[in-house]
Amino acid sequence: MKAHRLAEDLSALPTYGFGTSMTMWWGTLGFCALEGMGFALAIGAYLYLVHVNAQWPLADVPPNHWPGTILTIILLASIWPNLQAERRAREENLPAVRRWLIVMCALGALLVAIRFYEFTQLNVRWDQNAYGSITWIILGLHAAHLLTDLGDTAVLAALMFTRHAKGKRFSDVEDNAFYWYFVVGSWLPLYLLVYWVPRW
Amino acid sequence: MSRFSLFLLPAIGFALAGCRGWQSALDAQGPQASELAWLFWIFTWVLGAIWLAVMIALAAALLRSPASRPDPLLVNPAQDRRYAAVVASLAVATGVVVLVLTGLSVVSQRNLFRVEEEAVTIRVTGRQWWWEIRYEEADASRSFTTANEIHLPVGKPVKIILNSADVIHSFWVPSLMGKQDLIKGQENDIRLVADRPGIYRGQCAEFCGLQHAHMGILAVAESQQDFERWRDAQIRPAEPPGDPERQKGQAAFLTQPCIMCHSVRGTPAGGKVAPDLTHVGSRKYLAAGTLPMSRGNLAAWIVDPHGIKPGVNMPTIKLQPDDLNAIASYLEGLK
Amino acid sequence: MSDALARRDERDLRDTMVDGSELHARLAKTWGTGRGLIAALSTVDHKIVARRYLVTAFVFLFLGGLSAAAMRIQLARPENQFIGPDLYNQLFTMHGTTMMFLFAVPVMEAVGIYLVPLMLGTRNIAFPRLNAFSYWVFLFGGLFLWVAFILNIGPDVGWFAYTPLSGPQYSPGKRTDVWAQMITFTEIAALATAVEFIVTILKQRAPGMTLDRIPLFVWAILVTSFVIVFAMPAVMVASTMLILDRLIGTHFFNPSEGGDSLLWQHLFWFFGHPEVYIIFLPAAGMVSSIVVAFARRPALGYLPLVLSLIAVGFLSFGLWVHHMFTTGLPQLGAAFFTANSMLIAIPNGIQIFCWIATLWGGKPVFRTPLLFVLGFFFIFVLGGLSGIMLASVPIDTQVHDTYFVVAHFHYVLIGGAVFPLLGAVYYWFPKITGRMMSERLGRWNFWLAFIGFNLAFFPMHLLGLQGMPRRVYTYQPEMGWGTLNLLATIGSVILLISFVLFLWNVVSSNRRGEIAGDNPWDAGTLEWATSSPPPPQNFDRIPLVTSREPLWAERGPLPVVGGLAVDMRQVVVGTVTEARPILRESSPEPSIWPLFAAIAVGGTFLGSIFTPWAVVWGSIPVAITLIGWFWPSGSPEDEK
């Protein structure tokens, strides 16, 4: 090892922070980017299939949009409790963080339930034709995100009730909230695609 | 191997390649293929010269013998600026070359795919692993189906419509034109002209499964008269066999499972999933360019298609030796 | 927890409080991997994971190479009976899949996993457990594929698995299922590694390593990682659609139910073309490192080199259609992709010119790593130029899917990636093992590889022009392709021998090679500041970077920063552009859970080939292992 001389002391630096200062925030962003790319490609595939087929949708009736619309409204509304969880985490306010994480878990469970119902209201099966296939895969891809985020949030909520609920765990709560914005944001174009393009 | 001799290799090799007819992209036999060969050579010489220049520059960089450099950070900024200027101008030069080549390519592309009124329309359907060929005429009674061999009149624009009954194939007769894919669910077409009479071979160029290697096609370019004669013969149904051996062969053929898949117009054989055999004896090859047409090869093929073309869709059928010879004789006579 | 609170913790020993061998030993204990099997399977040390990655990738290289040799023997003469069509089709599929997914991409990532943290002056890669997980995923994916091949369910539809040939109707059985699921599965590893690289490079650079001081190899890995993040999802989406078509009757690629087989090609090549640059860009970084070290001067045109990497990364997404010029696309659209494809010659040209100018302005030292880089110039430039031919729609209609293309991409991939990689192995081997590779064997290795390569692949250009399509298991004598094919086979045997020699050199040098010392080449970047091989902590103190080649600039003692914990794993996290230190973030300690998670995910993928319900049942062990992974163990790393 090369000989060295001490030029600077970093002892005073903190061991965790919030937002862009942490590696985890960037990691989350990275995963949002690649999953977002997956959504973008699925959207591209959908539009490509619209383009190659003279008629769209390849079904008699477009999907019943109401479950999707309700889900969209709840998703958008969930931004507020999510923002609360994020802010309380930054303040390291444990009781509030616990509360808001529970709210987010409940919302997540509700959304997953609605999503299951959505599948029954598509008026097309995945194995009926390419329109059914692409509709199901897009809804499924997003459902996978709802499910995994619900899982994440539940584990994190449980964690916040243990002795580990301190320090950088608040930063984890913040990153979890950050990921939720991605889950909400990525849904909006998919919602238009799944429910309104077939009506267009 | 010195750099120089290695550079000469392509030139020698291409010269050799150019000599070979049969299935060579550089043995152009029509305006489309000539356009392609011309463009290929322009690119080859321009890019070859660039490669040589880069190698010379590299050799020069290596063969200079500057003083050793105990301190790697000690550089001459003025000299570096000169090098940077050279690099910048080479980058600009690269841009110019790329622009010119793109221009040439686009012009050539337009020439290649220019649409001319066609004299003949041929519909080629790719199948695992043979080519179904249908000559289409406005007068439906003059349309007919054959397989694995197309004939075209010299000097006349031919339109070839391409699609597939199963997986993706690619139609490629390099002496006449570049390739184009055959895809189920869409129709592609190419246009080509043969300048001189001759027989040009082609081959499926998109991997299509077990026997992709044995999916050849022949393009026979001939004079207008020869072409008309051939077409008239193809339109006619098969003539009933004259001699007893071939009559026996026809009888055997019609009682065997052959007719489940093959058609012989003028007989009850009307299968649609395998090559039309109405004039199979007039074709130069068997099994999509795999065996030259002869009675012996016909018999060999019927006896053991899977030995010759493993995985082929034609089943092996147990035949008495007598029947086999008679069927081979019958088919060979279907001129 | 505030810093003042942390200071009261009696376990909080800082590197400013101890020095010399005590510091070294304590850090080595903190960062080390314990003894025993469990510890070995739990390690998160980027160097150990990278070594495993490297060895595994090279095993796959040899497997892929042997399958190529078998194919070359089959093609040595017309109508050879050595291998039948069924096995031949499996062999070329395995060869392509192995080389692209199990060798080329992983091996470049492996070199990056080893070197990036060292070059950046940090102690571990970001998300080291994810890194361990990605290795296991890669290993299991590759094993599944090869075990399937041995069980005669090896895929046989080519590495780009075009539909409808790969669809349920024309490829019944499990062969293509194995391919589709293993692709999706192993790409998880590539994506995870890409995210680790991006975060490591953006956040964990040594203090003072501003963007313009990042080593060129690290820049190359950064750009590659971004390309992976945006390209790899395409193949995962595509192979998922394929498996759904095959297993649960969807119709994405079925034209009779509104699907489209070209959709597969668009998705596949949207990944497939960037893939080539995912392989080439790290190699370009290796070339930069070697050229700078052996020309003995800083790179001429650091900024143009970096901008070229970025430009290539961007442009690589605009080329995919040139793989589809013969599918009957609209002419104007195709011409647009001609222009785009040719455009990429400009940044690639700039890199070549900068490297030659660097050599010109330096004093080249002709050691084996540089020899391989010179071979790279010879071969890669030729392959790049034949690539310009393929970019032209008209020329492409003649040479597409022929041996001309086979020649072209081997010139680009072997010349552009494998030659630099071999040079890189000779260059960094002393750092990894502490011993030099044999120079004499190295020269033999180079010349045999160079001659064998050109002999094997140059004739293929001519074969393609003479009409030989690719992926044919045999050809008829009257085609006249026999001589050139025999020549190619002889060349491939020489190439294979050169790799055996390489292997021998690695094995024997690892045992008996000359001791290397910290910096045998007198190179300038940070990986040469530590011992060879590096200790678990990489550096006893984190370097403070003042220049692009810190070891050339600081001939005396290296300036370093202090204040990090000694008894727990801590890394310096800085700002993205200036690398100004802002945190002493803890870095996860070893864990067995990434291995379990990889087993759970792998089992789910494997099961899904047999029943879609495997996804449902598999999600339970996956969830359990992930919770185990993230649940804090109470270690100081977890709590601070």
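Each chain gets a letter, A, B and so on, in the order its sequence line appears, and its residues count up from 1. Computation of the quantities below employed the complete heavy-atom set of this structure, encompassing side-chain atoms and omitting hydrogens, waters and symmetry-equivalent molecules.
- Contacts of B/Val106 with chain C are made by side-chain atoms alone, with heavy-atom separations under 4.5 Å and no backbone atom involved.
- In this structure, C/Met468 and B/Gln203 have side chains that are not in contact, with every pair of non-hydrogen atoms separated by 4.5 Å or more.
- Using a 4.5 Å heavy-atom cutoff, the side chains of C/Tyr170 and B/Gln128 are in contact.
- With a threshold of 4.5 angstrom between heavy atoms, B/Arg110 does not approach chain C through any atom at all.
- Between the C/Gln476 side chain and the B/Thr290 main chain, a donor and an acceptor come within less than 3.5 Å of each other.
- For B/Ile183, the part sitting under 4.5 Å from any heavy atom of chain C is the side chain, from C-beta outward, and nothing else.
- Using a 4.5 Å cut-off between heavy atoms, C/Arg555 contacts chain B through its side chain alone, with no backbone atom that close.
- Aromatic ring centres of B/Phe207 and C/Phe92: separated by under 6.0 Å.
- Under the 4.5 Å side-chain criterion, counting only non-hydrogen atoms from C-beta, B/Trp51 is in contact with C/Phe378.
- C/Trp481 has its side chain within reach of B/Gln23: a pair of non-hydrogen atoms, C-beta onward, lies under 4.5 Å apart.
- Side-chain contact between B/Pro174 and C/Gln398 is present, with heavy atoms from C-beta onward closer than 4.5 Å.
- The structure places CG of B/Leu36 at 4.5 Å from OG1 of C/Thr397, a figure rounded to the nearest 0.5 Å.
- Highest contact tally toward chain B, considering only C/Ser261, C/Gly349, C/Pro364, C/Gly361, is held by C/Gly361 [criterion: heavy-atom pairs under 4.5 Å].
- Residue B/Ile50 holds its CD1 atom at 6.5 Å from CD1 of C/Ile388, rounded to the nearest 0.5 Å.
- Residues C/Glu549 and B/Pro72 are not in side-chain contact: their nearest non-hydrogen atoms beyond the backbone lie 4.5 Å or more apart.
- When each of C/Ala295, C/Gly328, C/Pro255 is scored by its heavy-atom pairs under 4.5 Å with chain B, the top score falls to C/Gly328.
- Taking CZ of C/Arg471 as the start and SG of B/Cys208 as the end, the distance is 11.0 Å to the nearest 0.5 Å.
- Of all heavy-atom pairs between B/Leu73 and C/Pro298, the closest is CD2-CG, 3.7 Å.
- Interface residue B/Leu112: only side-chain heavy atoms are found under 4.5 Å from chain C.
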Item to check | C/Val381 and B/Met55: CA distance, side-chain angles, deciding distance, side chain to side chain contact (heavy atoms under 4.5 Å, CB included) verdict | outcome: CA-CA 9 Å; C/Val381 173; B/Met55 288 306 114; 4.2 Å; yes
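- When all heavy atoms are compared, the tightest approach of C/Ala357 to B/Val87 is CB-CG2, 3.9 Å.
- With a 4.5 angstrom heavy-atom cutoff, B/Ala60 touches chain C via backbone and side-chain atoms both.
- When heavy atoms are compared at a cutoff of 4.5 Å, B/Arg69 approaches chain C by way of both its backbone and its side chain.
- The part of B/Gln186 that comes within reach of chain C is its side chain, from C-beta onward, which places non-hydrogen atoms under 4.5 angstrom from that chain.
- Atom CD of C/Gln81 has 12 or fewer heavy atoms from other residues, nucleotides or ligands within 6.0 Å.
- Looking at C/Leu300, only its side chain comes within 4.5 Å of chain B, counting heavy atoms on both sides.
- Of the listed residues (C/Thr326, C/Val472, C/Ile350, C/Ile346), the one with the most heavy-atom contacts under 4.5 Å to chain B is C/Thr326.
- Chain C forms more heavy-atom pairs under 4.5 Å with one residue of B/Val54, B/Asn76, B/Asp166, B/Ile168 than with any other, namely B/Asp166.
- Looking only at heavy-atom pairs under 4.5 Å with chain B, the residue among C/Gln169, C/Lys363, C/Met324 that has the most is C/Lys363.
- Side-chain atoms of B/Asp181 and C/Thr327 include no donor-acceptor pair closer than 3.5 Å.
- With a 4.5 Å cut-off on non-hydrogen atoms, B/Met215 does not touch chain C at all.
- Remark: side-chain polar atoms of B/Lys179 are paired, donor with acceptor, to backbone N or O of C/His400 under 3.5 angstrom.
- Among C/Tyr473, C/Phe366, C/Trp360, C/Phe377, the residue making the largest number of heavy-atom pairs under 4.5 Å with chain B is C/Trp360.
- In plain terms, the two heavy atoms of C/Arg296 and B/Pro70 that are nearest each other are NH2-O, 3.6 Å.
- Separating the CG atom in C/Asp156 from the CG atom in B/Leu210 is a distance of 7.0 Å, to the nearest 0.5 Å.
- Interface residue B/Phe43: backbone and side-chain heavy atoms are both found under 4.5 Å from chain C.
- Looking only at side-chain heavy atoms (C-beta outward), C/Gln466 and B/Asp27 stay at 4.5 Å or farther from each other.
- Residues of residues 92-99 of chain B placed with any heavy atom under 4.5 Å of a heavy atom in chain C are listed by number as B/Thr94, B/Gly95, B/Val98.
- The parts of B/Glu206 that come within reach of chain C are both its backbone and its side chain, each placing non-hydrogen atoms under 4.5 angstrom from that chain.
- Closest heavy-atom contact between B/Pro66 and C/Gly362: CG-O, 3.2 Å.
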Checklist entry - Taking it one step at a time, do B/Ser24 and C/Leu465 satisfy side chain to side chain contact (heavy atoms under 4.5 Å, CB included)? => result CA-CA 6 Å; B/Ser24 169; C/Leu465 293 167; 5.6 Å; no
Next on the checklist: Between B/Arg201 and C/Met479, is the side chain to side chain contact (heavy atoms under 4.5 Å, CB included) condition met? List the steps.
Outcome noted: CA-CA 9 Å; B/Arg201 193 179 190 275; C/Met479 301 312 298; 3.6 Å; yes
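- Using a 4.5 Å cut-off on side-chain heavy atoms (C-beta onward), C/Phe353 and B/Tyr83 make no contact.
- For a residue to count as touching a neighbouring chain, one of its non-hydrogen atoms must lie under 4.5 Å from one of that chain's; by this rule C/Asp86 touches chain B with backbone and side chain alike.
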Next on the checklist: salt bridge (charged side-chain N to carboxylate O under 4.0 Å, His left out) for B/Asp71 and C/Arg297? Distances and angles first, verdict last.
Outcome noted: CA-CA 8 Å; B/Asp71 181 2; C/Arg297 60 152 292 155; over 6 Å; no
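- Taking all atoms of both residues into account, the shortest heavy-atom contact from C/Pro85 to B/Pro310 is CG-CB, 3.9 Å.
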